[in-house]
Amino acid sequence: MAKRTAKKGSSRPVRLSADRLRKGWPGPAGTRVRLATAADTEAADALLDTAGARLIPALRS
């Protein structure tokens, strides 16, 4: 008899609406996960800097 492996989680992609991306959804430790806006460039730069990365110029507005 063949052994079956257990599935770990869903392999279906999560559907996100534009409204859900703007408002965000709960993240770890009381944070909100949301789509960044042009006004968030400085915050994104600061986060990327901690990882030694930089925001590519094409994404700046």
Side-chain angles (χ1 to χ4, degrees):
M1 183 183 269
K3 291 185 178 180
R4 294 184 181 194
T5 58
K7 290 186 178 181
K8 295 182 180 177
S10 175
S11 61
R12 294 184 310 170
V14 177
R15 296 182 61 116
L16 298 174
S17 66
D19 189 51
R20 180 78 181 254
L21 286 174
R22 279 189 297 275
K23 290 182 178 179
W25 56 95
T31 60
R32 294 289 294 171
V33 177
R34 65 177 177 79
L35 180 66
T37 64
D40 299 325
T41 304
E42 288 183 26
D45 278 335
L47 288 171
L48 289 169
D49 191 42
T50 62
R54 300 188 61 78
L55 189 63
I56 60 173
L59 295 177
R60 295 186 174 282
S61 55

Residues at least two apart in sequence or cross-chain that pass side chain to side chain donor-acceptor pair (under 3.5 Å) with Arg34, listed by chain then number, are Asp40

Residues pairing under side chain to side chain donor-acceptor pair (under 3.5 Å) where one sits in residues 24-33, two or more places apart or in two chains, turn out to be none

Show every salt bridge (Lys or Arg N to Asp or Glu O under 4.0 Å) that has at least one partner inside residues 44-59, sequence neighbours left out.
Asp45-Arg60

